[in-house]
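The structure appears below as structure tokens.
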Amino acid sequence: MQENETLVLGIDLCDDITQVTVMRPHAAEPDAVCFDVRTRKEFLPTLLCLGKDGEWSIGEVLQPELRVLPPFFHAAVCGAAVEAGGMTYFGRELLERYVALLMKKIRERFSEQEIGFVAITCEETNTNEQARSMLLDIFELKEGFAGRCMVLSHLEAFLHFVIRQEKSLWENGSAVFDYTTDGLLFYHMECRLAGGRRLLVSDYKDYSDSIPPGFITQGESGQGALAFERLAERALQQKTGSLFVTGRGFEGEWVSDVLRLLSSGRRVFRGQNLYTQGACYSGTEVFRNEQNVDFSVLTPEQITVDVSLVAENAAQEDAVLLAKAGELYREIHAQAEVILDGTDKVTFKILPAGETTPRLVRIAPEIPELRGDRTNRYQIRVFFVKRDTMVLQLKDIGFGTFYPSTYRIYEEIVDFSHWEQ
């Protein structure tokens, strides 16, 4: 069967519900998959049930004799075990069983067509790379999708969803509030230009300490709505063209009045399947080998500045690029050597994505008095401790036997998280 005749799946796995979308051959948009024609629900409870005969099942509990196992997704991610009915199960074992039954349902649902690619997304992969690796292992090794699957975080899935909507929704930035069983999460993106490149710069914040799970359903909903409204106003200080709210916590009517207030100057949407759609869009692009968007996506693990070492002399100024916007901050370990010539400072040029005028950072190490021009040599080291926090280090490495190293290290920490765009 040819690739353009096969299906692409987007699967959103959460601790409480699972959602699936499908991109059909030649289609431009994914469709939600309903497993129950009676209810038309576009999700499955992430439940494993065990019958008296030892038969496993997933989804709705339709028979009272079925024993429902406790939630297992977090246990699988953390490598923990689950106790149920006097038995101990490894969380990963239960997740593998759940995925196998889920894929069996999907294959039965689309028995006449082949599944060519699967894109999986889950909230845990925002911060947990082990969760990403585990899901890849399960789908590649257990379900036979080696080389035909990918795993995205919810943040990445949101980005892939929103940039495939009409331009007015994202060109001035977009954000999403997700009220999950773990609390309130916030994702934000903005568009920038950098050196001819179009960048989508994203950010992620966890507000679960302020709005914990079940907070708005406890007591009077009006108090919870007011707390969310105030928090949203703080989080959305930077104006966005669109705002999405998702998650089971936003299913009540309490949120309608708040969303009307937040819709001033932006378009607001409430829905439950943007992550699985975003995963499906991304998976389809990879599977069909298409490039439907001309953006580079920057996650919170990637830096948003270009960093250069400036070599100054009377004739000209040259700059050596040490770090580039889009690189993973943990992987940046740039080094260079510099000899000071007619100056007592080392200059760095920092160009934030979306800006045309660089910022200059100068470090003036203590130079021993007996040294003259071209006898002060330093090793430069640049690394990041966070996406927006950079460390510049200068180490005196001396200049020959007449000017031995003092082994002094001069360090400057540059925090550009509050730099105005």
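If you read the sequence from its start, that first residue is 1, and numbering goes on from there.
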* To do: Would you please name every residue forming a ring pair (Phe, Tyr, Trp, His ring centres under 6.0 Å) with F186, sequence neighbours left out?
  =>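 Per chain and number, F186 pairs via ring pair (Phe, Tyr, Trp, His ring centres under 6.0 Å) with F177.
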
Ring pair (Phe, Tyr, Trp, His ring centres under 6.0 Å) filter on F161, not counting sequence neighbours, yields F244

Q.
As a test of understanding, state which of T18, T121, T21 forms a side-chain hydrogen bond (donor to acceptor under 3.5 Å, both in side chains) with T276.
A.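 Of the listed options, the one satisfying the test is T21.
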
Give a yes or no on whether a salt bridge exists between [X] and [Y], defined as a side-chain N under 4.0 angstrom from a carboxylate O.
X	Y	result
E129	R132	yes
E143	R148	no
E301	K386	no
E29	R24	no

Which class fits the ring pair Y378 and Y410: parallel under 30°, tilted 30 to 60°, perpendicular over 60°? perpendicular

- Query: In terms of the angle between their ring planes, are F416 and F384 parallel, tilted or perpendicular, with boundaries placed at 30° and 60°?
  - Reply: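 Answer is perpendicular, since the angle exceeds 60°.
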
- Task: Begin from the C-alpha positions of L184 and L231 and carry the test side chain to side chain contact (heavy atoms under 4.5 Å, CB included) through to its verdict.
- Result: CA-CA 10 Å; L184 185 68; L231 184 146; 3.8 Å; yes

Taking all non-hydrogen atoms of both residues, which atom of [X] and which atom of [Y] are closest, and how far apart?
X	Y	result
P352	R359	CD-CG, 4.5 Å
G283	M150	CA-SD, 3.7 Å
P358	K349	CB-CG, 3.2 Å
C122	L135	SG-CD1, 3.7 Å
G116	F287	O-CE1, 3.7 Å
T180	D178	CG2-OD1, 3.0 Å

Exercise. Hey, is the main chain of E156 close enough, under 3.5 Å, to the side chain of S153 for a donor-acceptor pair?
Worked result: yes

Under the criterion side-chain hydrogen bond (donor to acceptor under 3.5 Å, both in side chains), I'd like the reasoning laid out for Y187 against N126: C-alpha separation, chi angles, the key distance, then a yes or no. CA-CA 10 Å; Y187 308 122; N126 287 327; 2.8 Å; yes

Atom CZ of R230: over 12 foreign heavy atoms under 6.0 Å: no

**Asked** What do you reckon, is CD of E171 surrounded by more than 12 foreign heavy atoms closer than 6.0 Å?
**Response** yes

Notebook entry, point to check: What about the rings of Y275 and H154, do their centers lie closer together than 6.0 Å?
Noted result: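 Yes: the rings meet the under 6.0 Å criterion.
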
From [X] [atom1] over to [Y] [atom2], what is the distance, rounded to the nearest 0.5 angstrom?
X	Y	atom1	atom2	value
L199	M189	CG	CE	11.0 Å
I409	R381	CD1	CZ	8.5 Å
I58	R97	CD1	CZ	12.0 Å
I115	C149	CD1	SG	12.5 Å

Between [X] and [Y]: side-chain donor-acceptor atoms closer than 3.5 Å:
X	Y	result
T299	Y204	no
S208	D206	yes
T240	S174	no
N128	E124	no
Q379	E337	no

Show which side-chain atoms of residues 76-95 pair as donor or acceptor with protein atoms under 3.5 Å away, not counting sequence neighbours.
{"from": "E83", "atom 1": "OE1", "to": "T88", "atom 2": "OG1", "distance (Å)": "2.9"}
{"from": "E83", "atom 1": "OE2", "to": "T88", "atom 2": "OG1", "distance (Å)": "2.9"}
{"from": "R92", "atom 1": "NE", "to": "E96", "atom 2": "OE2", "distance (Å)": "2.9"}

The residue among V118, V33, L44, N273 that forms side-chain contact (heavy atoms from CB on, under 4.5 Å) with V20 is V33

Are H188 and E190 close enough, and set up right, to give a side chain to side chain contact (heavy atoms under 4.5 Å, CB included), and what steps lead you there? CA-CA 7 Å; H188 175 264; E190 59 179 299; 4.2 Å; yes

Give the C-alpha distance, both sets of side-chain angles, the deciding distance and a yes or no for side chain to side chain contact (heavy atoms under 4.5 Å, CB included) between H160 and L152. CA-CA 10 Å; H160 285 286; L152 301 88; 3.7 Å; yes

